[in-house]
Amino acid sequence: MEWNGQTRTCGLIGNPVEHTLSPLIQNHLAQSLGQNLVYVPFHVPEGGLRAAVEGAYALNLLGLNVTVPYKSRVMEYLDQVDPAARRIGAVNTLVRTGDGFKGYNTDMPGLYRAMGEDGVKVTGRKVLLLGAGGAARAVAVMLWEKGAERIYILNRTPQRARELAEHINGLGPQPGREPSSRPLAEAMALEDYPALAGEKYLAIQTTSVGMYPRTGEALIEDSAFYELVQEGYDLIFNPAKTRFMELVEAAGGRAFGGSRMLVYQGIISFELWTGEQVPPRLAREICALMPFSK
Ligand code: ATR
């Protein structure tokens, strides 16, 4: 694809942005699908967010991704925010509209698409959610929306787990499910999992424990915990196989890493910007391009 006077620009705003893999994903999609579009990183220093969003709109940018530390703050400068992103409290994708940008969260649809591909259902499942930060909140909202049966939130700081459980339980009845008298989410101390024995769970690891360069660590080491896990997702994508994933597999469960969530969030952003559907073949091709895929 030759860039010319018709070329549309998308990009990523954040601080830092220098290590991002998004240009690799987005420019590969644009090239493969013949879209006259280019995607570039924009380092936005502290204090520059408002000017960056307004400037991007003034420059006729088609869309933006948003990363740390601006995913929540950016909502102030948007014309509209998608309700799912509002519930999550974080926006990672801006789509140009007639009056400004509309904000979406494609991280969770990205995770959900990866789960669908793995044959992992969420509806009716009992879930162990490790962590209670921003990523855990996003996952918990997705679990609420997709009809999980129960969410046990395990976190180092119990107060944060309680706050997240309250937020989820305050969302109201789950779409498409009979209202239940039992709250969906329950906070637990990290060491309280023996109380859950006797069932198999879907586990989702959202903390930064085990991320490069501290790759030998897992939030919970005890093999008794991993006996509870039927499928384990780690949102970390570097390394490709985390200690958490190794422990899940050692106990006989299926383990999945975060690189496909990363690819799919990018694909869903691209689909929002261009209106194109990305074929599964191309999604697989991009997953194989990821530097940590092996
Ligand atoms: P993110 O937006 O990526 O979720 P965050 O909001 O800072 O980031 O949340 C980080 C999560 O990882 C939290 O659940 C945090 O636990 P605390 O609430 O107790 O801080 C967890 N976490 C990070 N480092 C940890 C560590 N060394 N041990 C245990 N938990 C850790």
Side-chain angles (χ1 to χ4, degrees), residues 12-17 19-22 46 49 65-75 84-93 103-112 114 127-144 151-168 185-193 201-222 225-226 229 232-239 242-248 256-262 264-266 292:
L12 169 70
I13 56 173
N15 180 12
V17 291
H19 299 291
T20 178
L21 294 170
S22 291
E46 191 57 44
L49 181 59
N65 282 135
V66 184
T67 189
V68 179
Y70 300 129
K71 284 184 171 192
S72 299
R73 275 186 265 163
V74 75
M75 287 196 274
R86 175 81 64 197
R87 276 193 290 272
I88 291 169
V91 153
N92 79 322
T93 303
Y104 294 85
N105 185 301
T106 70
D107 290 324
M108 287 309 110
L111 175 62
Y112 190 69
V127 184
L128 305 175
L129 182 59
L130 301 185
R137 174 165 158 164
V139 171
V141 169
M142 184 273 279
L143 296 169
W144 171 83
I151 309 171
Y152 298 97
I153 304 169
L154 288 82
N155 194 47
R156 174 180 61 180
T157 311
Q159 180 57 23
R160 282 186 95 189
R162 283 194 289 273
E163 284 163 14
L164 178 56
E166 264 172 42
H167 174 71
I168 296 304
E186 183 181 322
M188 293 183 83
L190 264 191
E191 58 282 0
D192 282 351
Y193 53 83
Y201 298 82
L202 165 63
I204 306 181
Q205 198 307 108
T206 72
T207 77
S208 50
V209 180
M211 191 184 287
Y212 178 85
R214 298 172 64 178
T215 55
E217 299 176 10
L219 185 67
I220 299 174
E221 281 286 339
D222 183 6
F225 172 78
Y226 294 92
V229 178
Y233 279 82
D234 199 326
L235 301 196
I236 292 172
F237 60 84
N238 182 14
T242 60
R243 172 100 182 121
F244 169 83
M245 292 165 67
E246 284 171 359
L247 289 164
V248 167
F256 307 93
S259 81
R260 277 172 318 135
M261 171 175 141
L262 176 74
Y264 283 126
Q265 64 75 31
F292 314 113

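A quick note: this is a predicted structure, and the numbers were derived from the prediction, not measured. Order of listing sets the numbers, starting from 1, for every ligand and every atom in it.
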Which ligand 1 atoms does G131 reach within 4.0 Å, using its non-hydrogen atoms? 14 (O)
Nearest 0.5 Å, please: how far is CG in N105 from CD in Q265? 9.0 Å
Classify the contact between T157 and ligand 1 as side chain, backbone, both or neither, using a heavy-atom distance cut-off of under 4.0 Å. both
Is there a side-chain contact between V141 and I168 in this structure, where contact means two heavy atoms from C-beta onward sitting under 4.5 Å apart? yes
Sub-4.0 Å atoms of ligand 1 with respect to non-hydrogen atoms of G134: 1 (P), 2 (O), 4 (O), 6 (O)
Heavy-atom distance to atom 5 (P) of ligand 1: which of A135, S72, G133, A136 wins? G133
Out of N155, L154, T207, indicate the one that has the non-hydrogen atom closest to atom 14 (O) of ligand 1. N155
Give the atom numbers and elements of ligand 1 that come within less than 4.0 Å of a heavy atom of R160. 6 (O), 9 (O), 13 (C), 17 (P), 18 (O), 20 (O)
Contacting atoms of ligand 1, where contact means under 4.0 angstrom from a heavy atom of S208: 12 (O), 23 (C), 24 (N)
Considering all heavy atoms, the nearest P239-Y212 contact: CD-N, 3.9 Å
In the structure I gave you, are the side-chain heavy atoms of D192 and L154 within less than 4.5 Å of one another anywhere? no
for atom 28 (N) of ligand 1, nearest protein heavy atom and its distance come out as R156 NH1, 3.3 Å
Which bit of V209 is near ligand 1, meaning a heavy atom under 4.0 Å away: side chain, backbone, both or neither? side chain
Numbered atoms of ligand 1 (with element) below 4.0 Å of L219, judged on heavy atoms: 29 (C), 30 (N)
To the nearest 0.5 Å, atom CG of L111 lies from atom CZ of F256 at 11.0 Å
Do the side chains of D107 and K71 get nearer than 4.5 Å, heavy atoms only? yes
Quick one: do S22 and N65 satisfy side chain to side chain donor-acceptor pair (under 3.5 Å)? Show the steps, please. CA-CA 9 Å; S22 291; N65 282 135; 4.5 Å; no
